[in-house]
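Worksheet for the structure shown next.
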Amino acid sequence: MRTVLVVLFDDVQSLDVTGPAEVFAGAETQVPGTYRIRTASLDGGPVRTSSGLILVPDSSLADAPAPHTLLVPGGQGTRGPAPRLTDWLRAHGPSAERLVSVCTGAILLAEAGLLDGRRATTHWAYGAKLARDHPAVTVDPDPIYIRDGHVSTSAGVTSGIDLALALVEEDLGRDTALTIARHLVVFLRRPGNQAQFSAQLAAQTARREPLREVQQWITEHPDDDLGIESLAARARLSPRHFARAFQAETGMTPGRYVDRVRLEHARRLLEETADGIEQISRTSGYGTPEAMRRAFLKTLGTAPTEYRRRFHPAQSARATPAR
């Protein structure tokens, strides 16, 4: 029996609490006797979430059982946490077998000194603040979650579900995690090093119609000629003017945007189809499996075949072998 203790405080993000809790509760339903979920606030009183919901904890933190997994959610309440909460985390966090944060819960862990010397992530909007306020923490704002030893940090809301599924898979196996994911109608789990943003979300939408049309064209035709000259001609601009305007309006260069779209396209095909690596490399615009492999290693730190094996193992077995 693993006790999962969820820390509650005023202005907590309710989904940061309930998302992972539903995953562990689903695991307990599938394999009874594996998880005991408990919630606790400083004094044991109800807390009001940032959305106005009232959560009633099981106990105060002082009376809470010793946790196997200590889970610290995020929310607006992390901006000015009660010193007593930070003190409790500093005193009790090190004894937990697993220390987990969701979203800006990482800020609370950092305030308690529990992330010093570790890699960590948080919601993309707070990565710079976490790095600035806690230089002893190596902050990577891009992945949806990072596991560094027994300490795991995740980005906003749904990534807490991804991380919880990964922990359940580690404890109880892939079949149990898959059953829970199906019940929750979510992916089995996205790899932790997957970026928080899709290419379309990472870039701003251009204001001018010709540039918006080019963005849409890139998304729908990743295997086409997406060089500067070709894209500029489609926007009816000179290459130099197009490059400047695209970056000014979207926040990234055309080349960077193309790279993200192609990677996202290839990743989706690896996740959702049994197409061979060579075919995916062509339809995603890489041309060759080796070019796609280099792009995956550079951005995700894993090769396409390994990505497929981890993310969609059933289809991986039927896919065409490749390097």
Side-chain angles (χ1 to χ4, degrees), residues 124 142-144 155 158 186-188 190-191 193-312 314-316 318-323:
W124 62 269
D142 194 40
I144 59 174
T158 56
V186 296
F187 291 113
L188 168 56
R190 296 177 290 171
N193 55 9
Q194 182 172 319
Q196 293 187 31
F197 281 136
S198 69
Q200 288 79 9
L201 288 177
Q204 304 166 38
T205 301
R207 294 187 301 274
R208 283 182 278 180
E209 186 64 30
L211 296 180
R212 287 202 301 271
E213 290 177 356
V214 168
Q215 283 182 288
Q216 187 65 26
W217 172 265
I218 293 171
T219 301
E220 295 175 354
H221 303 85
D223 58 340
D224 212 300
D225 177 8
L226 301 181
I228 288 289
E229 291 77 9
S230 176
L231 296 177
R234 184 165 294 278
R236 298 176 293 281
L237 298 170
S238 71
R240 186 175 180 181
H241 186 190
F242 168 76
R244 287 202 307 266
F246 190 95
Q247 183 164 7
E249 295 200 18
T250 68
M252 65 175 62
T253 66
R256 177 65 172 155
Y257 188 78
V258 168
D259 288 345
R260 288 205 175 203
V261 167
R262 283 176 169 162
L263 185 72
E264 184 179 345
H265 188 266
R267 178 174 53 77
R268 188 165 58 249
L269 292 178
L270 288 168
E271 294 168 4
E272 299 174 0
T273 77
D275 294 347
I277 298 294
E278 186 171 349
Q279 180 181 350
I280 292 174
S281 68
R282 288 197 307 269
T283 57
S284 300
Y286 289 109
T288 66
E290 181 57 30
M292 185 170 75
R293 180 176 179 275
R294 289 196 300 268
F296 268 66
L297 289 172
K298 178 181 178 181
T299 306
L300 300 178
T302 188
T305 48
E306 174 63 14
Y307 183 95
R308 167 171 271 170
R309 186 191 69 78
R310 291 168 53 195
F311 191 78
H312 214 303
Q315 289 191 350
S316 177
R318 299 194 297 270
T320 303
R323 292 174 293 179

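Tyr286 places a side-chain N or O within donor-acceptor distance of the main-chain N or O of Leu263, the cut-off being under 3.5 Å. Of the possible donor and acceptor atoms, one in the side chain of Glu249 sits under 3.5 Å from a partner among the backbone N and O of Arg208.
For His265 against Ser284, the heavy-atom pair with the smallest separation is ND1-OG, 3.1 Å. Closest approach of Thr250 and Gln215 over heavy atoms only: CG2-NE2, 3.6 Å. Nearest approach of Ile277 to Met292, heavy atoms of both residues: CG2-CE, 3.6 Å.
The distance from the CZ atom of Arg308 to the CZ atom of Phe296 is 9.5 Å, given to the nearest 0.5 Å. Here the CG-CZ distance, from Leu211 to Phe246, works out to 7.5 Å after rounding to the nearest 0.5 Å. In this structure, the separation between OG1 on Thr299 and CZ on Arg262 is 13.0 Å, given to the nearest 0.5 Å. Expressed to the nearest 0.5 Å, how far CZ of Arg268 lies from CD1 of Ile280 amounts to 11.0 Å. With rounding to the nearest 0.5 Å, the separation of CZ in Arg293 from OG in Ser281 is 13.0 Å. Between the CD atom of Glu264 and the CG atom of Leu269 there is a distance of 11.0 Å, given to the nearest 0.5 Å.
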Extract all donor-acceptor atom pairs below 3.5 Å that involve side chains of residues 221-243 and protein atoms in other chains or at least two apart in sequence.
from, atom 1, to, atom 2, distance (Å)
His221, ND1, Trp217, O, 3.2
Asp225, OD1, Gly227, N, 3.1
Ser230, OG, Asp225, O, 3.1
Ser238, OG, His241, N, 3.1

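At least one side-chain heavy atom of Arg309 sits under 4.5 Å from a side-chain heavy atom of Glu306.
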